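Each chain gets a letter, A, B and so on, in the order its sequence line appears, and its residues count up from 1. Everything quoted here is computed from the prediction, not taken from an experiment.
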Amino acid sequence: MLSKILGAFKKSGEPMDLKELSRRLGTGRSALEGMLGLLVRQGKLKEIYIGSEECAHCSGRSGCAHLQTGDSLGKVYELAEKPR
Amino acid sequence: MENIEIISVKDESLEHLRKVHGDDAETLIADARYGFISGLMKDVLKKPAVEKETVTDKIDRLILNRWLGIPVFLAILYGVFEFTFVVSGPLINWINAGLDWLAGLTSGISPAWLGSLLSEGIIGGVGAVLSFIPVIFLLYIALSILEDTGYLSRAAFVMDRLMHKIGLHGRSFVTLMLGFGCSVPAVMSSRTIENPRDRLVTILVTPLMSCGAKLPVYALLAAAFFTAYQGLVVFSMYAIGIILAILMAWLFRKKLISGESGHFVMELPPYRLPTVVTVLAHMWERGWAFLSRAGTLIFGAVVLIWLLNYFDVLEHIGRAVAPIFSTAGFGQWQSAVALVFGVLAKETVVGAFGTLFAGAEATGGFGSVIGIQLGWTPLVAFAFMTMILLYIPCVATLSIIKKETGSWKWMLFTVAYTLALGWVVATLIYQIGSLFL
Amino acid sequence: MSKKEITIALAGNPNSGKTTVFNNLTGARQHVGNWPGVTVEKKEGFCSFQKHRIRVVDLPGVYGLTAYSLDEIIARDYVVDEKPDVVVDVVDASNLERNLYLTVQLLEMKANLIVCLNMMDVAESRGYQIDVKALSSLLGAPAVPMVAASNRGTGELLETIYGVAMGSIPVSAINLQYGHDVEAEIAKLEKLISGNSLAGSYSPRWLAVKLLEDDREIIKKIGQA
């Protein structure tokens with residue numbers, strides 16, 4: 001299943017939201033979130049949201065209005081280009 | 001030694017499993033656990049026959065719909081501008097009345113140069129920019145609401161899906177959307193795009209996403225030349241910006257090395273009702289940036305303009321540059337001056353007009369002064385607005401582009417392509433429009 | 001077992017309501033410190049039941065027990081090294097599949113596990129029907145339904161904790177099988193590990209599985225043993 005997830009990322013014809021991914025894989029949302037989390041911890045997927053690692057280096061952090069909103073701009077999972 | 005033997009046997013096992021199953025043992029083991037859990041769930045959990053659709057899912061059926069998603073986005077964007085202009089109109093008038101009164105007070109101050117600096121330079125110039133505070137703050141309220149409800153993430157998702165169809169695979173619309181506030185953090189946020197080609201293209205088209213500083217210019221001209229259709233005209237600027245950003249991104253992607261692109265999955269947050277406090281807080285954070293810029297950068301630029309004007313240098317600068325723009329209908333030296341100083345900060349365009357025409361009266365508000373003084377028709381005003389939308393971004397943006405791309409080359413390329421694009425589009429609008437109107 | 005003090009560890013995913021369970025158990029009798037050598041917060045508290053003092057240690061909220069994050073290492077080291085009398089795994093009943101991933105790993109470690117099915121009200125509101133007995137029997141560990149937010153189920157949890165600690169409630173954790181080929185490799189490694197000094201403190205099978213997962217902490221430990 002975990003590799004199926006990675007496969008779905010590579011083959012996807014377009015950006016998907018979690019609902020669509022869970023529908024394509026036939027996996028429940030709960031299990032899917034767990035697996036995505038595991039893949040992120042393994043370093044195979046990257047998790048990006050305003051406030052994540054990239055933002056840590058941004059000089060505009062202190063005044064950034066977007067950091068305040070937390071996850072309201074959505075969280076993105078991407079294939080990691082350089083797996084750990 | 002025992003331990004080293006254990007490690008090497010482990011490595012052999014991993015090799016063997018990788019050959020047989022094509023995966024690391026870690027993945028196989030995780031899969032086995034999830035498989036067990038999945039089997040267990042069948043006996044343990046009974047979900048309702050029809051899983052209750054959450055409110056979020058119901059709304060998303062419309063918002064994320066393949067055909068309706070983008071029209072919905074455009075409609076919402078248009079609604080935002082209508083709301084902004086309808087509500088801000090009276091507020092702007094009050095502020096202008098106040099500023100006129102202040103200008104009247106200070107113009108008589110001696111020495112004459114001080115009186116002029118205060119009433120024409122500062123109050124006329126900076127004041128003109130500040131009079132659009134209501135527009136800025138209302139827009140930021142609307143943006144905050146869109147963001148806090150969770151809608152903005154859908155907008156980004158829907159637009160990224162569209163961009164994917166035309167071959168732009170990177171997840172870039174969120175970063176582009178930040179450009180509606182200011183290009184500088186938008187360019188910085190492109191760091192979240194892992195693919196370097198997608199990232200570069202995103203940075204290059206970010207300036208085309210109309211930023212908050214351009215809004216006073218649109219507001220000024222739209223109110224004067226298109227009064228009844230203000231909201232629509234300003235909306236069209238944003239729409240043109242978005243369309244051209246996508247177009248240029250596609251063009252750049254073909255011209256630059258095309259390589260593997262990112263694929264992504266997005267977790268959209270559930271919709272929620274924003275609280276008044278958070279919306280106002282976000283509005284204030286963004287609006288404050290506008291105010292402090294007005295007080296510092298714009299202030300400085302306007303004083304500079306006033307000085308150059310006082311010493312009769314300004315007109316020379318304007319006349320030297322103006323001819324280029326005659327093809328687009330705004331070949332007057334004052335327009336040229338405004339455009340030149342607009343490279344410092346876009347609000348300066350309003351500040352420049354404010355200083356140059358301070359004291360001139362007109363019914364229909366300050367914008368119509370421009371129409372009278374420069375002989376502009378609505379068509380010219382529209383062409384000018386597209387020029388503002390597209391041409392050279394402000395120095396702050398240019399500097400961040402250089403920093404984030406790590407080279408002068410791309411910064412200079414941006415200067416060149418945006419100027420060219422602005423000139424071409426404004427000229428086309430004026431020339432073709434003149435045939436019909 | 002006639003120890004006067006029972007030590008229990010609270011484990012669970014972040015957002016599973018673990019903190020609320022902790023507060024329900026310990027009330028005001030809690031104090032905060034740090035896990036040794038790190039800046040991760042450690043909460044401990046006390047309560048009593050049947051004349052026994054129960055020390056409650058709140059483990060960091062984690063989704064798994066890998067070596068990828070400090071929180072996970074802290075959680076699993078505590079379970080393995082300190083061997084608490086009972087481990088209570090707080091599970092979000094409305095998000096079972098995701099939460100059970102941790103549960104399964106705790107069972108692999110042969111922890112004395114109680115599954116605390118929290119947020120039963122949320123699950124119910126979604127129309128979920130959970131067969132608690134089936135869950136308990138399939139996992140081989142007692143399961144206690146709970147709505148920590150309204151402090152319902154705490155009594156039953158305490159009784160179960162007491163029962164497990166005293167040995168009157170058995171925990172006979174299932175032995176999860178990973179598939180024929182993986183099991184073959186596990187068997188190979190198990191044999192070698194049995195001769196190793198680590199085999200005393202850790203279950204050889206668990207070590208074998210960790211090795212196959214390329215767990216760098218375990219690899220380090222084996223190298224140092």
Side-chain angles (χ1 to χ4, degrees), chain A residues 1-6 8-22 27-36 38-39 42 44-50 52-55 57-61 63-82, chain B residues 22-24 26-28 30-31 34-35 37-38 41 47 57 60 64 140 143-144 147-154 156-157 160-161 163-165 169 171 174 177-178 181 184-185 188-189 191-195 260 262-269 272 274 278 281-286 288-289:
Chain A
M1 186 46 77
L2 285 179
S3 350
K4 267 216 223 152
I5 295 178
L6 293 177
F9 268 77
K10 291 185 184 131
K11 277 188 341 214
S12 67
E14 55 174 12
M16 288 180 286
D17 71 316
L18 272 198
K19 197 161 170 233
E20 174 67 20
L21 182 62
S22 105
T27 310
R29 262 301 276 265
S30 181
L32 183 59
E33 282 176 27
M35 293 186 227
L36 285 172
L38 183 55
L39 287 168
Q42 284 181 323
K44 291 176 180 158
L45 283 183
K46 266 186 75 168
E47 201 180 28
I48 299 162
Y49 46 93
I50 307 282
S52 65
E53 184 193 305
E54 286 75 12
C55 287
H57 306 296
C58 176
S59 55
R61 269 203 107 195
C64 182
H66 303 281
L67 278 186
Q68 320 299 330
T69 53
D71 66 350
S72 58
L73 281 179
K75 197 197 286 193
V76 174
Y77 294 98
E78 274 184 344
L79 284 174
E81 297 222 338
K82 299 177 244 14
Chain B
D23 242 327
D24 4 313
E26 190 182 4
T27 304
L28 299 170
D31 278 342
Y34 273 116
I37 292 172
S38 167
M41 294 297 282
K47 287 196 182 163
D57 290 331
D60 274 340
L64 296 179
Y140 284 155
L143 269 183
S144 298
E147 189 173 340
D148 288 348
T149 50
Y151 171 71
L152 225 51
S153 60
R154 269 83 180 166
F157 180 75
D160 272 322
R161 211 169 45 184
M163 288 169 78
H164 191 100
K165 277 204 181 69
H169 296 231
R171 178 198 63 96
V174 167
M177 268 195 320
L178 294 184
V184 175
M188 287 202 276
S189 79
R191 286 190 197 184
T192 57
I193 300 172
E194 190 153 302
N195 185 292
E260 257 303 303
H263 301 265
F264 64 93
V265 166
M266 201 164 167
E267 180 174 358
L268 298 168
R272 55 174 178 247
T278 42
H282 294 152
M283 172 214 83
W284 179 251
E285 274 152 15
R286 292 168 161 132
W288 173 245

- Picking from B/L28, B/V265, B/L64, B/D31, which has the most non-hydrogen pairs under 4.5 angstrom with chain A? B/V265
- Do the side chain of B/S38 and the main chain of B/Y34 share a donor and acceptor less than 3.5 angstrom apart? no
- Task: Name all residues meeting the side chain to side chain contact (heavy atoms under 4.5 Å, CB included) criterion together with A/S30; count only those two or more places apart in sequence or in a different chain, and write none if there are none.
- Result: C/N95, C/E97, C/R98
- Item | Of A/L38, A/L6, A/L39, A/L2, the residue whose pairing with B/T27 passes side chain to side chain contact (heavy atoms under 4.5 Å, CB included) | A/L2
- Message: Between A/K19 and chain B, with a heavy-atom cut-off of 4.5 Å, which part of the residue counts as in contact: side chain, backbone, both or neither?
- Response: side chain
- Which answer fits A/L21, side chain, backbone, both or neither, if we ask what part of it has an atom under 4.5 Å from a heavy atom of chain B? side chain
- Message: I'd like to check A/P15 versus B/M266 (side-chain heavy atoms, cut-off strictly below 4.5 Å). Are they in contact?
- Response: no
- Given that the side chain runs from C-beta out, which part of B/D60 has a heavy atom under 4.5 Å from chain A: side chain, backbone, both or neither? neither
